[in-house]
Colleague: 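Have a look at this one.
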There are 2 protein chains.
Amino acid sequence: MVKSARDSVADQATLRLRQHGLRPTRQRVELAGILFRDCDRHVTAESLHDEVSGAGVKVSLATVYNTLHQFTEAGLLRQVIVDASRCYFDTNTGNHQHFFVEKEGLLIDIPGEAIEVAGVPAPPDGLSVDRVDVVVRVRRG
Amino acid sequence: MVKSARDSVADQATLRLRQHGLRPTRQRVELAGILFRDCDRHVTAESLHDEVSGAGVKVSLATVYNTLHQFTEAGLLRQVIVDASRCYFDTNTGNHQHFFVEKEGLLIDIPGEAIEVAGVPAPPDGLSVDRVDVVVRVRRG
DNA sequence: TCATAGTTTAGAATTATTCTAAATTGAGTT
DNA sequence: AACTCAATTTAGAATAATTCTAAACTATGA
């Protein structure tokens, strides 16, 4: 029996999970496989659940939520807040910003080096800057 | 009977509502009075409902939601998206950005002239920029 | 005063998310 | 391979913010 491409994705995922102190369960390996096989993905819990279910894998929605949060804690994902009603997770954890097509719920990365935010005043006393998020809201047409 | 300060706030609110094609109902006048009496306020539906209720005025939460959206449509308010679970409304509709203290749900305005965002790439084909939002996430300490 | 379209409201419905407690499982022992 | 046990998964209930619905109310112009 030869190793399939799928096995290699799973192996990569398993390794990555172990490196981040996460036990590589079947569910986490499947989700990590989907999330990190390709680059720069933006998912919601629902969209990821649909995707993994569509691939014939049985993972509960609760586990998708748990896993997204654990991956975020572990630094494998980053949360993106652009919509009051949905929470997005981004596989790109580096310095970058986003275009957001509200109507379609579509996020597009903007390289961090491209954008520069100048003139941010010092925050009021007792506060320190955590990070600066830029959302470029765009629409068709 | 002399005119009270409260009446004058109500008169201003009434005028403003008429100017924007909104019928000045008791509820809308009360809410507009609270929102626009002072400058630069940031509210959620819940916080505004608490505030108006606390002032002894009876307005349903549904009406607060309706009113916030109508005011936004009319250009009297602007929505601010900084939190995945709550929706904020800002009485400052001009060009400006925000500090956000996540733990406290606190928004602080940054004048639009202060901040400059440079290097935003052209959006992908078929998309045009609606606006650019900057959120400076800050924390105590 | 009347008519009526616009508005308000209580409560039900919806949506995204989190919680709970019981069942299952991964991984290190024996 | 069987055993143990803490970590994980899960179905379904619970929560929270928001929206919807349909009936009651009200501002306004005739």
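Remember, it's a predicted structure, so these values are computed and weren't measured experimentally. Each chain gets a letter, A, B and so on, in the order its sequence line appears, and its residues count up from 1. For the numbers below, each heavy atom of this structure counts, side chains included, while hydrogens, waters and symmetry mates do not.
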Colleague: Does a side-chain N-to-carboxylate-O contact under 4.0 Å join A/Arg41 and A/Glu51?
Modeller: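 Salt bridge between A/Arg41 and A/Glu51, a charged N being under 4.0 Å from a carboxylate O: yes.
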Colleague: Could you state the CG-P distance from B/Leu31 to C/dT9, rounded to the nearest angstrom?
Modeller: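 Atom-to-atom, B/Leu31 to C/dT9, this comes out as 9 Å.
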Colleague: Given C/dA27, C/dG11, D/dA27, identify the nucleotide with an atom nearest to the side chain of B/Thr25.
Modeller: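 It is D/dA27.
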Colleague: Take atom CG of B/Leu68 and atom C1' of D/dA17, then tell me their distance rounded to the nearest Å.
Modeller: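 These atoms are roughly 13 Å apart.
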Colleague: Does C/dG26 have OP1 or OP2 under 4.0 Å away from a side-chain N or O of A/Arg26?
Modeller: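 No, no such contact exists.
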Colleague: Report which part of the nucleic acid A/Ser85 touches: base, sugar-phosphate, or nothing (heavy-atom distance under 4.0 Å, all strands).
Modeller: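 Counting heavy atoms under 4.0 Å across all strands, the contact made by A/Ser85 is with sugar-phosphate only.
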Colleague: Could you check which of D/dT19, D/dT26, C/dG26 has an atom nearest any side-chain atom of B/Arg23?
Modeller: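 The answer is D/dT26, which lies nearest to the side chain.
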Colleague: Please state how far atom CZ in B/Phe71 lies from atom P in C/dT7, giving the value in whole angstrom units.
Modeller: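 Rounding to the nearest Å, CZ of B/Phe71 and P of C/dT7 are 11 Å apart.
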Colleague: Kindly point out which of C/dT7, C/dA16, D/dT10 is positioned nearest to the side chain of A/Glu46?
Modeller: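 From the listed options, C/dA16 comes nearest.
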Colleague: Considering only C/dT9, D/dT8, D/dT18, which nucleotide approaches the side chain of B/Thr63 most closely?
Modeller: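 When the side chain of B/Thr63 is considered, C/dT9 is the closest of C/dT9, D/dT8, D/dT18.
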Colleague: In terms of side-chain geometry, is the basic nitrogen of A/Glu104 or A/Arg140 positioned less than 4.0 Å from the acidic oxygen of its partner?
Modeller: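 Here A/Glu104 pairs with A/Arg140 in a salt bridge, since their nearest N and O are under 4.0 Å apart.
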Colleague: Less than 3.5 Å apart, any donor N or O on the side chain of B/Arg28 or B/Gln70 sitting next to an acceptor on the other?
Modeller: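 Yes, a side-chain donor-acceptor pair sits under 3.5 Å.
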Colleague: Atom CG of A/Asp83 to atom P of D/dA17: distance rounded to whole Å?
Modeller: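 Checked: the CG to P distance equals 16 Å.
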Colleague: With the side chain of B/Arg18 defined as its heavy atoms from C-beta on, choose the nearest nucleotide among C/dT17, C/dA10, D/dT28.
Modeller: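 Selected nucleotide (nearest to the side chain): D/dT28.
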Colleague: Could you point out which residue of B/Gln27, B/Glu46, B/His49 forms a side chain to side chain contact (heavy atoms under 4.5 Å, CB included) with B/Val64?
Modeller: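 Running side chain to side chain contact (heavy atoms under 4.5 Å, CB included) over B/Gln27, B/Glu46, B/His49 with B/Val64 returns exactly one hit, B/His49.
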Colleague: Once you round it to whole Å, what is the distance between P of D/dT9 and CD of A/Glu30?
Modeller: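 For the pair A/Glu30 CD and D/dT9 P, the rounded distance is 12 Å.
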Colleague: Look at the side-chain N and O atoms of A/His69 and state whether any lies under 4.0 Å from the OP1 or OP2 oxygen of C/dT17.
Modeller: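 Answer is no, no contact under 4.0 Å.
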Colleague: Is A/Tyr65 near enough to C/dT17 that one of its side-chain N or O atoms lies under 4.0 angstrom from OP1 or OP2?
Modeller: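 A/Tyr65 to C/dT17 OP1/OP2: side-chain N or O found under 4.0 Å.
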Colleague: Let me spell it out: for each of B/Leu61 and B/Gly21, pick the nucleotide of DNA chain C with the closest heavy atom. Which residue's pick is nearer the 5' end?
Modeller: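 Nearer the 5' end of the strand: B/Gly21.
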Colleague: Rounded to the nearest angstrom, tell me the gap between atom CG in A/Asn66 and atom P in C/dT18.
Modeller: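 The answer, rounded to whole Å, is 9 Å.
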Colleague: Any ion pair linking A/Asp90 and A/Arg78 (charged N to carboxylate O, less than 4.0 Å)?
Modeller: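 Salt bridge absent between A/Arg78 and A/Asp90.
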Colleague: Would you mind reading off the distance between A/Lys58 atom NZ and D/dT10 atom C1', rounded to a whole angstrom?
Modeller: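 That distance rounds to 8 Å.
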Colleague: Mind calculating the distance between CG (B/Leu22) and C1' (C/dA5) to the nearest angstrom?
Modeller: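 Value for this atom pair: 15 Å.
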Colleague: Would you say a side-chain N or O of B/Arg86 is under 4.0 Å from OP1 or OP2 of D/dA16?
Modeller: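 For D/dA16, OP1/OP2 do not have a side-chain N/O of B/Arg86 under 4.0 Å.
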Colleague: Considering only C/dT17, D/dT10, C/dT8, which nucleotide approaches the side chain of A/Ala62 most closely?
Modeller: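 Nearest to the side-chain atoms of A/Ala62, counting from C-beta on, is D/dT10.
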Colleague: In sequence, state the C-alpha distance, the side-chain angles, and the governing distance for A/Asp40 and A/His96, and then conclude on side chain to side chain donor-acceptor pair (under 3.5 Å).
Modeller: CA-CA 11 Å; A/Asp40 296 358; A/His96 72 288; over 6 Å; no
Colleague: Counting only side-chain N and O atoms of A/Gln27, is one of them less than 4.0 Å from OP1 or OP2 of D/dT10?
Modeller: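 It does, given that an N or O in the side chain of A/Gln27 lies less than 4.0 Å from OP1 or OP2 of D/dT10.
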